[in-house]
Amino acid sequence: MDNMLENLNPEQLAAVTLPSQSALILAGAGSGKTRVLTTRIAWLLKTGQVSTSGIMAVTFTNKAAKEMMSRLSTLFPANTRGLWIGTFHGLCNRLLRLHYREAALPQAFNILDTQDQLSTIKRLLKTNNIDDEKFPPRNLMYFINGAKERGFRASVIEAQDDYERKMVELYGLYEEQCQREGVVDFGELLLRSCELLEKNPVLREHYQERFRHILVDEFQDTNNLQYKWLKLMAGNNTAIFAVGDDDQSIYAFRGANVGNMLSFQHDFNVQNLIRLEQNYRSHGNILEAANTLIAHNTHRLGKNLHTDAGEGEPIRVCEAPSDLNEVQWILDEVNHLIGDGMSRSEIAVLYRSNAQSRVIEHGLFSAGIPYRVYGGLRFFERAEIKHAIAYLQLIDNPDNNAAFLRVVNFPARGIGARTVEQLQEMSRIHDVSLYGAIPYVSGKAGTALASFVRIIQTIRAEVKEMNLPSLIQTTLEKSGLLLHYQSEKEGADRIENLEQLVSAATLFLSEEGFSLEAPALLTEKMTDGLNAGNPLLAVDSVIGADIPLPMIMSPLAAFLTHASLEAGENQADEGQDALQLMTVHSAKGLEFDAVFITGLEEGLFPHENSAREEDGLEEERRLMYVAITRAKKRLYLSYAQTRMLHGQMRYNLSSRFFSELPDRNLKWLTPRKQSMYSGIPQRKREPVAQFDKSFAVEKQTPASFGRNSEWRIGETVFHKKFGEGVIVSLEGQGTAVRANINFGRQGMKLLDLSIAKLEHVS
DNA sequence: AAATATCAGCTTTTT
DNA sequence: GCTGATATTT
């Protein structure tokens, strides 16, 4: 045990060895947060204060949960089976599967991801003849999720006006529809779990008694409902160990409430507040810049990171004439870094929004530098995978209408909109699911539908004794999905993905401790043995030893859950040493030797929409703070005077964040670099194999850039009254030149340059 | 019912 | 500039 605590600094050690009381750990970026969390768990176990079944650890992402599990198993190699380590949603799912009767859910409930939820809502609006212009599905979704987050059912919301009344009504209809179809959205997992514990004192007390220690990662990201859930799970004898950093709270837009950190201190009478301020990641210049920037925020709990590492390199800053030049500069610097021996995977290029990745990708592709983009479509979100999953969901639960509608006519089998309408009518009249309504439709439509039923039933029959991978393989074949993609021109990738689904299932079984031979479908025997009408039966078995996953879910159900709760990594260029491209949001929690923060322009970063939200700018600043603190050795900042975005040229001022960073840590490269890159490559030219060549040979500047003029489009100028602005366009010649200038908040001004006194800034 | 044309919209994102 | 969702054609 001693060596486990050996290399901790005094604050980390104090946190790890705190007595059994609730505590708040303010863990700065790069301060060893995960290490403290896992060592704390190992320490609790090794000192015999608690057994594995008395510990619950909650994270936000599956990745973080996995990381915690794997680090823990090196610290504490004994059996970690009884531990509840997982995401909020994963643990709620576990709870609801165990106590599905008390939660009034079918045992085979399916989980809706965001896409599914949206299409469910669209379908709801359609069946109720609601004008989706007046009630956009997306808005209704936000309304519903927002209400659930605040813990409100439709029945308890008091609408203020007619519009809201309608929204509440639709929310109620949505609840009913989901209940009928046996599906549960992400918010519902949390809300239903909370209600389960609230209404059921036996269960509540059981869990409150059981969990002596609850550890929460990234506590600043909890929303109100998640916080409520934690309060319900924690009893008088439970110590909550909350780790978070208010300066890294970047998810307010999806309901995260930093205020939970204050409520927590109050609600749990927190006596122990520990700050981890020693940073083990970044060099001095980088850390100082981060500290200075974040000091511009008000309402902080307060924290200042320090490091023992030296100053290191200054932060390099580049002002590029255009987004293309910005990329060119990045390529240049990247080549230097690689030339100096840095591996590509240690270099990250960050941007505020995904739309910015395209130019960068194009540049990297042309230069032949391997890269990997994070974000975008993930494995379980791909259309072909969603189709396959829908077939599997139908086999698991034929009442799942969303799944039914997705594949009833895919591959096409002559079941069109008309037929589906008939089916919906019958489903309403006879109060059955769409699948259950099929026998009520006759005629030609009925024949087409019957062929669909035959497919599903054939699969169900054939698959009875099969294990999961074979079940999926059979489903892919009998559903006609494979055949369909085989005849499609660009179906090769899709078939490859479908085949990967089979191997993903095999992998999943071994990871979750399922036997490969076990039948994939839930058998009657399992159902009876587990929960034969006795609400406490599941609890009883929990009290003894924990029920392993294979006992509460069939392999198929578990796999479907996995598909919904874990969208899967983006698997492009797996294993290759590649440059890392991602948004600042997805970089949170990661670290790199070198980091480029690109597109530092007003309107982009900070994003223009942030100005409209309360505390929006502060969140953008925290975002910038997160970005800066990703860098270990080298940090590069850049922006472009002109940028093509959404098919339009934009002329942005440089980001205000530059004025919030200390000059002494920055090294502006621009005067030198600008002349090097001032040849602006024309757009709409065919992509060239090598950028360098294009720069050397063709370099024509568009005429509109007014070569003879003293002024240039895209350059930053200073005006006495309006402050800094960017020249958007120039008209006229000689002495009669007028300029359109973007003065940011002051708006756009048309100035006669022979009258207005402007100064060059860039 | 399937194939093709047109049109809005467009921050960040995990579960 | 590209994607996804409707409108229109065949």
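These figures come from a predicted structure and were not determined experimentally. We name chains A, B, ... by the order of the sequence lines, and we start the count at 1 in each one.
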Legend entry - Donor-acceptor pair, side chain of A:Thr642 and main chain of A:Pro321, under 3.5 angstrom: yes

Quick check for you: among [options], whose closest atom lies nearest to any side-chain atom of [X]?
| X | options | result |
| --- | --- | --- |
| A:Leu565 | B:dT14, B:dT15, B:dA1 | B:dT15 |
| A:Arg358 | C:dG1, B:dT11, B:dT13 | C:dG1 |
| A:Arg254 | C:dG1, B:dT15, B:dT14 | B:dT14 |
| A:Tyr251 | B:dT15, B:dT13, C:dG1 | B:dT13 |

Under 4.0 Å: is that the gap between some side-chain N or O of [X] and OP1 or OP2 of [N]?
| X | N | result |
| --- | --- | --- |
| A:Ser586 | B:dT12 | no |
| A:Asn354 | B:dT13 | yes |
| A:Lys122 | C:dA5 | yes |

Legend entry - Ring centroids of A:Phe253 and B:dT12 base under 5.5 Å with planes under 30°: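 Taking the rule of under 5.5 Å and under 30°, the ring of A:Phe253 does stack on B:dT12.
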
Legend entry - Closest-nucleotide 5' rank along DNA chain B - winner of A:Asn409 and A:Glu566: A:Asn409

Inset, instruction - Nearest-nucleotide wise, let me know which of A:His607 and A:Arg418 is further upstream toward the 5' end of DNA chain B. - result: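 Its nearest nucleotide being more 5', the pick is A:Arg418.
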
Inset, instruction - Measure from NZ or CZ of A:Arg192 to the centre of the six-membered ring of A:Phe109 and say whether it is under 6.0 Å with the direction within 45° of the ring axis. - result: no

Inset, instruction - Establish, for the pair A:Arg150 and A:Phe152, whether the NZ or CZ atom is under 6.0 angstrom from the six-membered ring centre and no further than 45 degrees off its axis. - result: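 No, a cation-pi geometry is absent between A:Arg150 and A:Phe152.
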
Inset, instruction - Describe the nucleic acid contact of A:Arg352 in one word from base, sugar-phosphate, nothing, applying a heavy-atom distance below 4.0 Å. - result: base

Inset, instruction - Looking at every strand, decide which applies to A:Asp221 at a 4.0 Å heavy-atom threshold: base, sugar-phosphate, or nothing. - result: nothing

Inset, instruction - Determine the interatomic distance between P on B:dT13 and the same-named atom on C:dG4; round to the nearest Å. - result: 16 Å

Inset, instruction - List in chain and number order the residues that pass side-chain contact (heavy atoms from CB on, under 4.5 Å) with A:Ala557, two or more places apart in sequence or in another chain; answer none if no residue qualifies. - result: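 Expected list: A:Asp396, A:Met553, A:Ser554.
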
Inset, instruction - Please work out whether B:dT12 sits syn or anti, treating a glycosidic angle within 90° of 0 as syn. - result: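 In terms of base orientation relative to the sugar, B:dT12 is anti.
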
Legend entry - Check: A:Thr87 side chain, B:dT14 base, donor-acceptor under 3.5 Å: no

Inset, instruction - Assign the ring pair A:Phe186 / A:His89 to parallel, tilted or perpendicular, where the plane angle (0 to 90°) is split at 30° and 60°. - result: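 The arrangement is perpendicular - the two ring planes meet at more than 60°.
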
